[in-house]
Every structure is written in structure tokens, then in C-alpha cells.
Amino acid sequence: GGFGLGSGECTRSTFYCMVVRGRPPPDPAKGVKVVTSPVPIKPPQFAVTKSVNYLQNVMVLEEAHDRGADYGVWLTQDGLVGEGPSMNIGFVTAAGVFRCPPFDDILAGCTIARVIELV
């Protein structure tokens with residue numbers, strides 16, 4: 001396969017690994033700075049379908065970096081926390097209860113599904 005959009009060039013399975021130098025990862029001892037993004041969240045039919053269309057994801061991340069943050073977070077149409085550009089979001093309440101947004105309008109990631117299973 002190639003990097004094109006058509007399926008005709010993908011005549012057999014191919015694995016690609018691209019390595020690029022980027023920003024260093026955040027220091028876990030300091031945490032991360034997160035901002036809500038003005039970039040519109042994906043429509044539900046696209047949010048719940050895994051695809052390789054990352055334009056909005058890149059826009060959220062770049063906009064967050066421009067504001068001095070590590071990550072950007074989408075808000076749902078109702079103004080609630082939705083998801084990040086490459087991650088689901090979860091919270092632990094003061095009572096120790098794990099909460100995450102419902103997967104109605106966001107991608108149900110495999111990592112957060114495992115966390116839900118374990119807690």
C-alpha cells in the first residue's frame with residue numbers, strides 16, 4: 001500500500017513506521033496544561049468511526065500549543081467535556097469514583113474501555 005487515498009494501491013498489507021523529532025513529552029511530576037478548544041468537535045457519525053482523517057485533531061493540538069498548553073479538549077454540542085485529539089478523557093471524583101464522557105458522540109477508545117473494565 002501507499003500513502004494515497006485510493007484503495008487501488010493497497011494490494012497487500014504493509015506496515016509503515018515514521019519517526020519524527022517533536023516536542024519532548026510532558027513531565028509526569030508536573031502534569032499537563034489542557035485548554036478547551038474552539039475547533040468544532042467532529043459530528044457524531046464521524047466521531048464514533050475510526051478513520052485516518054486527523055485534520056481536526058491536528059488543529060486542536062496546534063491551537064492548544066499556540067495558547068501554551070500541552071493538549072486541547074473538545075467540548076460536546078452540549079458544552080460538556082468530550083475528548084482530546086488522540087485520547088479519551090476520564091476523571092476520578094473526590095469520592096474516588098471514575099467518570100468519563102458517554103461514548104454517544106465520541107470515539108470509544110480501547111484504552112479507556114479497558115480502564116472501565118478494570119475499575
Side-chain angles (χ1 to χ4, degrees):
F3 287 104
L5 298 176
S7 61
E9 66 183 69
C10 298
T11 57
R12 60 186 171 94
S13 296
T14 305
F15 174 77
Y16 292 98
C17 179
M18 296 175 62
V19 179
V20 294
R21 180 174 292 179
R23 293 169 49 135
D27 181 352
K30 294 181 180 178
V32 294
K33 182 177 179 187
V34 178
V35 294
T36 56
S37 178
V39 176
I41 194 167
K42 296 174 186 176
Q45 68 267 31
F46 295 119
V48 298
T49 303
K50 182 67 176 169
S51 76
V52 294
N53 180 359
Y54 291 109
L55 178 59
Q56 285 175 289
N57 304 55
V58 170
M59 292 171 66
V60 168
L61 191 58
E62 290 299 315
E63 195 270 334
H65 289 171
D66 289 346
R67 292 171 57 194
D70 298 298
Y71 300 103
V73 172
W74 274 301
L75 298 178
T76 66
Q77 299 292 337
D78 297 326
L80 304 174
V81 171
E83 63 184 337
S86 61
M87 71 209 79
N88 288 112
I89 298 171
F91 303 93
V92 177
T93 67
V97 177
F98 179 77
R99 301 275 189 213
C100 65
F103 300 124
D104 301 333
D105 298 339
I106 61 172
L107 184 65
C110 57
T111 302
I112 201 160
R114 183 69 173 141
V115 169
I116 292 167
E117 189 178 296
L118 293 173
V119 298

Engineer: Nearest heavy-atom pair of Gln56 and Pro40: which atoms, and what distance?
Structural biologist: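 For Gln56 and Pro40, the tightest heavy-atom pair comes out as NE2-O, 2.8 Å.
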
Engineer: Do side-chain atoms of Asp27 reach the backbone of Ala29 as a donor and acceptor pair under 3.5 angstrom?
Structural biologist: yes

Engineer: Between Glu83 and Pro101, is there a side-chain heavy-atom distance shorter than 4.5 Å?
Structural biologist: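 Sidechains of Glu83 and Pro101: no contact.
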
Engineer: So do the side chains of Asn57 and Trp74 get within less than 4.5 Å of each other, counting heavy atoms only?
Structural biologist: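 Yes, their side chains come closer than 4.5 Å.
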
Engineer: Using the rule that two of Ile, Leu, Val, Met, Phe, Trp, Tyr join whenever any of their side-chain heavy atoms come within less than 4.5 Å, decide whether Val115 and Phe91 are in one cluster.
Structural biologist: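 Different hydrophobic clusters.
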
Engineer: Distance from Ile106 atom CD1 to Thr76 atom OG1, nearest 0.5 Å?
Structural biologist: 9.0 Å

Engineer: Any donor and acceptor pair, going by atom type alone, linking the side chain of Asp105 with main-chain N or O of Pro44 inside 3.5 Å?
Structural biologist: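 No; zero donor-acceptor contacts below 3.5 Å.
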
Engineer: Should Val39 and Tyr54 be regarded as members of a common hydrophobic cluster, given that ILVMFWY residues are connected when their side-chain heavy atoms come within less than 4.5 Å of each other, either directly or indirectly?
Structural biologist: no

Engineer: Under the side chain to side chain contact (heavy atoms under 4.5 Å, CB included) test against Arg114, which residue among Ile116, Leu118, Ile112 passes?
Structural biologist: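 Single pass found, and it is Leu118.
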
Engineer: Among the clusters formed by ILVMFWY side chains lying less than 4.5 Å apart, do Ile41 and Leu107 turn up in the same one?
Structural biologist: no

Engineer: Using only atom types and a distance under 3.5 Å, with no angle test, would you say the side chain of Asp70 pairs donor to acceptor with the backbone of Val32?
Structural biologist: no

Engineer: Hey, does Pro85 have a side-chain heavy atom less than 4.5 Å from the side chain of Met87?
Structural biologist: yes

Engineer: Write down the atom of Gly72, the atom of Ala64, and the distance for their closest heavy-atom approach.
Structural biologist: N-CB, 3.5 Å

Engineer: To the closest 0.5 Å, what do you measure between CE (Met59) and CG (Asp66)?
Structural biologist: 11.5 Å

Engineer: Identify the two heavy atoms, one from Cys100 and one from Gly90, that lie closest to each other, and give their separation to 0.1 Å.
Structural biologist: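 Shortest heavy-atom separation between Cys100 and Gly90 comes out as CB-CA, 4.2 Å.
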
Engineer: So if I apply the side chain to side chain contact (heavy atoms under 4.5 Å, CB included) rule between Val81 and each of Thr36, Val34, Val73, which one comes out positive?
Structural biologist: Val73

Engineer: Report whether Val119 and Val92 are members of the same hydrophobic cluster (ILVMFWY, side-chain heavy atoms less than 4.5 Å apart, transitive linking).
Structural biologist: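 Shared cluster, yes.
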
Engineer: Identify the heavy atoms of Arg67 and Pro38 that sit nearest to each other, and give their distance.
Structural biologist: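 Nearest pair, atom of Arg67 first, then Pro38: NH1-CD, 3.9 Å.
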
Engineer: On a heavy-atom basis, which atom in Gly84 and which in Ile89 lie closest, and how many Å separate them?
Structural biologist: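 Looking at all heavy atoms of both residues, the closest pair is N-CD1, 3.8 Å.
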
